[in-house]
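Take a look at the structure set out below.
Just so it is clear, the values below take in all heavy atoms, side chains as well, and ignore hydrogens, waters and symmetry mates. All residue numbers refer to positions in the sequence shown, counting from 1.
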Amino acid sequence: MGDMPLTRASLLIRIRDGRDRDAWLQFLQVYGPVVYGFARKRGLQDADAADLMQDVMRSVSVAAQDLKYDPLKGTFRGWLFTITRNKIFNFLSKQKNRVQPAGDSGARERLENHPSADGEDDWDQEYQRRVFSWAADAVRSEFQANTWHAFWQTAVEGRSPVEVGKNLKLSSGAIYVAKSRVLARLREKVKEFEESAT
């Protein structure tokens, strides 16, 4: 995963070819967890969210062959959000109309509370989390273990630089420098990924 990421526009062109395994792998690595996480936040159970994610990916696969990227018509991420939201709405509507087993009031309540929620903010948060995770996986090998741990423990886990410095046997200044270097590289990696589309 340390290779330079494709921009989304070029990735969209490449996924038109269903045999381009690398393009589909990258697409699934970034967008699959976004769809799954969004479905889970909408009240779907693990297996249902996984099935929905596969259904969305099948829809993208079918549509990809005719997909022409035109930023003036909207973003790909917006299109994918619409597909995902509609599939979740359809799933929840079907679930709502089914006879619910006794004692399943919690699931029914979750289903009734989510169908009308737009969720675009949740979608964007899932996307941002996933791109961060992808970028972190991509750049981690570029840093020494202590540098990465200094960044992770302070920026992600929220621990104090003094505490992390003691554990890693580094000064607080070294912790700040490590955190800053990794954050700068992560920003570059995310920018590379998002540069050509919004």
Side-chain angles (χ1 to χ4, degrees), residues 1-15 20-47 49-50 52-54 56-57 60 69 71 75-78 80-81 84 119-198:
M1 253 182 59
D3 297 335
M4 177 125 167
L6 298 168
T7 60
R8 275 191 278 156
S10 62
L11 183 60
L12 295 178
I13 291 167
R14 287 187 59 203
I15 65 172
D20 189 338
R21 289 178 168 253
D22 290 338
W24 274 103
L25 180 62
Q26 183 178 5
F27 181 83
L28 292 171
Q29 286 173 334
V30 173
Y31 290 103
V34 174
V35 172
Y36 172 83
F38 185 74
R40 290 286 288 161
K41 284 190 174 175
R42 295 277 147 314
L44 275 66
Q45 294 182 7
D46 177 58
L52 185 122
M53 179 190 69
Q54 289 178 357
V56 169
M57 294 304 144
V60 170
Y69 180 68
T75 64
F76 170 77
R77 192 171 36 164
L80 187 62
F81 167 71
T84 303
E120 202 160 353
D121 290 340
D122 288 343
W123 177 260
D124 287 341
Q125 286 175 353
E126 284 297 327
Y127 172 77
Q128 289 169 4
R129 272 195 282 278
R130 184 58 205 146
V131 170
F132 168 80
S133 178
W134 177 83
D137 287 346
V139 303
R140 183 175 183 166
S141 64
E142 298 175 16
F143 297 96
Q144 293 179 355
N146 269 357
T147 302
W148 185 261
H149 292 302
F151 155 74
W152 193 264
Q153 291 175 24
T154 55
V156 177
E157 295 175 0
R159 295 172 59 194
S160 77
V162 173
E163 177 187 0
V164 173
K166 285 179 185 175
N167 290 341
L168 296 177
K169 298 180 179 22
L170 296 171
S171 70
S172 293
I175 299 296
Y176 283 113
V177 169
K179 178 181 174 181
S180 178
R181 285 184 52 226
V182 175
L183 281 173
R185 182 64 184 115
L186 283 169
R187 285 186 190 104
E188 286 175 10
K189 199 67 164 176
V190 169
K191 185 178 177 184
E192 287 172 12
F193 181 77
E194 295 186 324
E195 203 161 52
S196 72
T198 55

The criterion is ring-ring contact (aromatic ring centres under 6.0 Å, His included); which residues satisfy it with F27, sequence neighbours excluded? W24, Y31, F76
Salt bridge (charged side-chain N to carboxylate O under 4.0 Å, His left out) partners for R185, two or more places apart: E142, E188, E192
What distance separates D46 CG from Y36 OH, expressed to the nearest 0.5 Å? 3.5 Å
Other residues, nucleotides and ligands only: do more than 12 of their heavy atoms fall within 6.0 Å of CD on Q144? no
Got F132 and L186 here, is their nearest side-chain heavy-atom distance under 4.5 Å? yes
Check: F151 and V156 side chains under 4.5 Å, non-hydrogen atoms: yes
Could you pull out all residues at least two apart from D122 that satisfy salt bridge (charged side-chain N to carboxylate O under 4.0 Å, His left out)? R42
Give me the ring orientation class for F81 and W123: parallel if the planes are under 30° apart, tilted from 30 to 60°, perpendicular past 60°. tilted
Minimum side-chain heavy-atom gap R130-E126 below 4.5 Å: no
Rounded to the nearest 0.5 Å, what's the gap from CD on Q153 to OG on S160? Could you check? 10.0 Å
Test side chain to side chain donor-acceptor pair (under 3.5 Å) applied to D20 - qualifying residues, sequence neighbours left out: R14
For R140, the side chain to side chain contact (heavy atoms under 4.5 Å, CB included) test, sequence neighbours excluded, returns W148, H149
How about W134 and V190: do any of their side-chain heavy atoms sit closer than 4.5 Å? no
Do any side-chain atoms of residues 163-183 form donor-acceptor pairs under 3.5 angstrom with protein atoms, and if so which ones, sequence neighbours left out?
{"from": "E163", "atom 1": "OE2", "to": "R159", "atom 2": "NE", "distance (Å)": "3.3"}
{"from": "E163", "atom 1": "OE2", "to": "R159", "atom 2": "NH2", "distance (Å)": "3.2"}
{"from": "S171", "atom 1": "OG", "to": "A174", "atom 2": "N", "distance (Å)": "3.0"}

